[in-house]
Amino acid sequence: MDKFAITGGTVLEGEIPAGGSKNSALPALAAALLTAEPVTLRRIPRVRDIRTMQRLLVDIGCKVEAEGETVRLETPAIACPEAPYELVKTMRASSLVLGPLVARCGRARVSLPGGCAIGARPINLHIFGLEQLGARIEQSHGYIEAQAPEGLRGAPVHFDRITVTGTEDLMMAAVLAKGETVLRNAAREPEVADLACLLVAMGAEIEGAGTSTIRIQGVERLHGAVHEIIPDRIETGTFLIAGAITGGDVTVTGCAPEHLGALVSKLQQAGVDVTQPGAGSLRVRGGGRLRSVDMTTEEYPGFATDLQAQYMALMTQAGGIALIVETIFENRFMHAQELARMGANIRWDGKQAIVAGPRELTGAGVIASDLRASASLVLAALAARGETVIDRVYHIDRGYEKIETKLARVGARIRRVE
Ligand code: EPZ
């Protein structure tokens, strides 16, 4: 099991290129199931979750050819409309094949995702939406079986709560349904809008993606397309915080600044100098005294829950008290325990954490628990005195492509220990 050994105290300086968005690539890969024609996706990050999704698609009957960051997918027929537990338990986003499979071949057998470190994360809203579109769904032996032999028919779907992959799953189910589907209380994340952009390029009729109400007119069939995935806003935010926490000067290039408004605003309130040197880049210059600033996670365009752990690491170095409220998941403070072991002064319960600083962090042996928590530990280690060894970095490999190479390029003393 790989580990990271990080010696803190260096000031990061230089440019880091942003990769393609993992959370946009995953639904885009699933969307290729909706047509028999080839779909070519560019800027696909080479991370573990993408490899898992590609393996699932191959088992379903899709031909996948990956060359660098370009992936060509062709699904002449659905051989096996299933997402088995062995795969789903390693990646919950496998549920994104549910909508495309029911739309393409009228049935799907998808394992219910098991528990997850950060919360229960059920898919009841995905199931509810498909039932609204006429699918018959049964649950047994840990699987859901969806049937729609006569095809799906468009319908209004009002989500009880905002769900990113639920919105994406239903959008993909609706594009081949008969008639109009209106998704209300839909997720507004940029990844939803990016998926809609791909589907429209494939011949779908979608309006309102990126807003709370999305209208989809079903069409007979979709055709192939070529699409470039948007930059990863969470990776970008993670590197901006790396620059801030080390008091450095870091520019992330090839990113989408417009997707990071909430984080940029918080960093500026905290006393970090954030500028936009060019259309696709963001620059942070730290070094001044950091101020503690409260933060509450919210659905987009609010502060992303996927950046909460990284922000908490930064607040351990800020002068004062910061209240961090996590409203999206019920158990997303596991990094707090590890940060406390490094010397951070944090108190927390299920929903709220109070971070008092500044507190000098010292290197320690720590364990990664989930993807973004492990990113938070890397950031803390960069600011800590001495060496930190982070175990179970396979978590971080799920969503960050060669993070140690990108950070080392701007001066971090980080190495992977096989
Ligand atoms: C997506 O997960 C992201 N993953 C997550 O990123 C991200 O944290 C999350 O959205 C919130 O922004 C991908 O896009 C692949 P949700 P998703 O459905 O869609 C509850 C990362 O680090 N809910 O928006 O699974 C759910 O339990 C990952 O890259 C239901 O109750 O999240 C949660 O509390 C982690 N029933 C809330 O809604 C449902 O049917 C938001 O979940 C669906 C969700």
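Both ligands and their constituent atoms are indexed starting at 1 by order of listing.
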Residues [X] and [Y] bridged, charged N to O under 4.0 Å:
X      : Y      : answer
Arg92  : Asp49  : no
Glu404 : Arg415 : no
Asp2   : Arg416 : yes
Arg109 : Glu145 : yes

### Greater than 12 external heavy atoms within 6.0 Å of Lys351's NZ
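Yes, the 6.0 Å shell around NZ holds more than 12 heavy atoms from other groups.
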Ligand 1: protein residues within heavy-atom distance under 4.0 Å:
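Contacts of ligand 1 under 4.0 Å: Lys22, Asn23, Leu26, Ala93, Arg121, Pro122, Ile123, Asn124, Leu125, His126, Arg161, Ile162, Thr163, Val164, Thr165, Thr305, Asp306, Ile328, Phe329, Arg332, Leu371, Arg372.
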### Message
So does Gly224 get a backbone contact from the side chain of Glu37, meaning a donor-acceptor N/O pair under 3.5 Å?
### Response
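At least one qualifying donor-acceptor pair exists.
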